[in-house]
**Student:** 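Structure below; questions to follow.
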Amino acid sequence: MCGRYTLFVEQTDLEERFDARFADSFAPRYNMAPGQRLPVITNDEPETIQRLEWGLVPSWADDDTGGIINARAETVHEKPSFRAAYERRRCLVLADGFYEWAETSAGKQPYRVAFEDDRPFALAGLWERWEPEEPETAQTGLEAFGGGDSDASEADSDEPDVLETFTILTTEPNDLVADLHHRMAVILDPEREQEWLTADDPRELLEPYPEDELRAYPVSTAVNSPANDEPSLVEPVQT
């Protein structure tokens, strides 16, 4: 699975790399975690880097809890939770590294996987839009004719909150990541990122990224807590 990742490239470099502009301000992140609103580029707004919540909630879900952070590339086109999003709502998840935890005799050791030069890349993602069902309004007594509490009436007229979420696709690991975990996030070939957003059925893009340009190195167990988010998290440590 992919449960944490990083993005600390300069904003101007990110915007140039992806030919898109941030909808709001950007700050470097060293420990991006599920439940947070994080930068993505969706297929319907490819010129904007916007923030969606990590943890996909299907549009048909009863509530907005239990967001799914990863989807298996091999079955994403057929699973009910992802099928519609795969067909119509794909996105690029912006990153410059991700964490995996390896089992060791001393316990789980976090590693950061990134390109040798820490350049940014896009993970294959899907996004969804969920909104709650509007409650039925009971019209009884004077309230039905405008004689009810004005504050309550205004509250009832508010539009329901729309939640936009995303998930990251995973695939079989390459030889580098296989030493750490049995799955890895799908890193897209930079030349084919737009194809992921626009092609009818781009399953062939969901292959393990070649390990030749990647590195994996141990980092501090401080990354285990999402509350920690500072530059020291990406520094190598001795094991």
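Given the structure is predicted, the values throughout are model-derived calculations rather than measurements.
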**Student:** Phe98 versus Met184: any side-chain heavy-atom pair under 4.5 Å?
**Tutor:**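 The answer is yes; the side chains approach within 4.5 Å.
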**Student:** I'd like to know whether CD of Glu116 has more than 12 heavy-atom contacts from other residues, nucleotides or ligands below 6.0 angstrom.
**Tutor:**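 Buried by this count: over 12 neighbours within 6.0 Å.
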**Student:** What orientation do Phe166 and Trp54 show, parallel under 30°, tilted 30 to 60°, or perpendicular over 60°?
**Tutor:**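 Phe166 vs Trp54 ring planes: parallel.
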**Student:** In the hydrophobic cluster built from side-chain contacts under 4.5 Å, what are the other members alongside Val237?
**Tutor:**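 When side chains under 4.5 Å apart are linked, Val237 ends up in no cluster with other residues.
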**Student:** Check side-chain contact (heavy atoms from CB on, under 4.5 Å) between Glu45 and all other residues, then give those that pass, not counting sequence neighbours.
**Tutor:**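 With sequence neighbours excluded, Glu45 shows a side-chain contact (heavy atoms from CB on, under 4.5 Å) to Thr42, Thr48, Gln50, given in chain and number order.
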**Student:** Output all residues satisfying ring pair (Phe, Tyr, Trp, His ring centres under 6.0 Å) with Phe26, sequence neighbours left out; order by chain, then residue number.
**Tutor:**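 So Phe26 forms a ring pair (Phe, Tyr, Trp, His ring centres under 6.0 Å) with Phe22.
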**Student:** State, with a plain yes or no, whether a side-chain heavy atom of Trp130 is found less than 4.5 Å away from one of Asp161.
**Tutor:**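 Answer no - side chains too far apart.
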**Student:** Side chains of residues 56-68: which donor-acceptor pairs under 3.5 Å do they make with residues two or more places apart or in other chains?
**Tutor:**
unit_1: Asp63; atom_1: OD1; unit_2: Thr65; atom_2: N; d: 3.0
unit_1: Asp63; atom_1: OD1; unit_2: Thr65; atom_2: OG1; d: 2.5

**Student:** Are Tyr99 and Val219 side-chain neighbours, meaning at least one heavy-atom pair lies under 4.5 Å?
**Tutor:**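 Side-chain contact under 4.5 Å: yes.
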**Student:** Mind jotting down which residue pairs meet the side-chain hydrogen bond (donor to acceptor under 3.5 Å, both in side chains) criterion with at least one end in residues 24-35? Sequence neighbours excluded, please.
**Tutor:**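 For residues 24-35, and leaving out neighbouring residues, the side-chain hydrogen bond (donor to acceptor under 3.5 Å, both in side chains) pairs sorted by first residue read Arg4-Asn31, Asp24-Arg51, Arg29-Gln36, Arg29-Asp229.
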**Student:** How far apart are the C-alpha atoms of Arg83 and His77, what are their side-chain angles, what is the distance that settles it, and do they pass the side-chain hydrogen bond (donor to acceptor under 3.5 Å, both in side chains) test?
**Tutor:** CA-CA 5 Å; Arg83 185 170 54 232; His77 62 289; over 6 Å; no
**Student:** Donor-acceptor pairs are to be reported for all side-chain atoms of residues 168-175 against protein atoms at under 3.5 Å, with residues two or more places apart or in another chain.
**Tutor:**
unit_1: Thr170; atom_1: OG1; unit_2: Arg183; atom_2: NE; d: 3.3
unit_1: Thr170; atom_1: OG1; unit_2: Arg183; atom_2: NH2; d: 3.3
unit_1: Thr171; atom_1: OG1; unit_2: Leu206; atom_2: O; d: 3.3
unit_1: Glu172; atom_1: OE2; unit_2: Arg183; atom_2: NH1; d: 3.4
unit_1: Asn174; atom_1: OD1; unit_2: Leu176; atom_2: N; d: 3.1
unit_1: Asn174; atom_1: OD1; unit_2: Val177; atom_2: N; d: 2.9
unit_1: Asn174; atom_1: ND2; unit_2: Tyr209; atom_2: O; d: 2.6

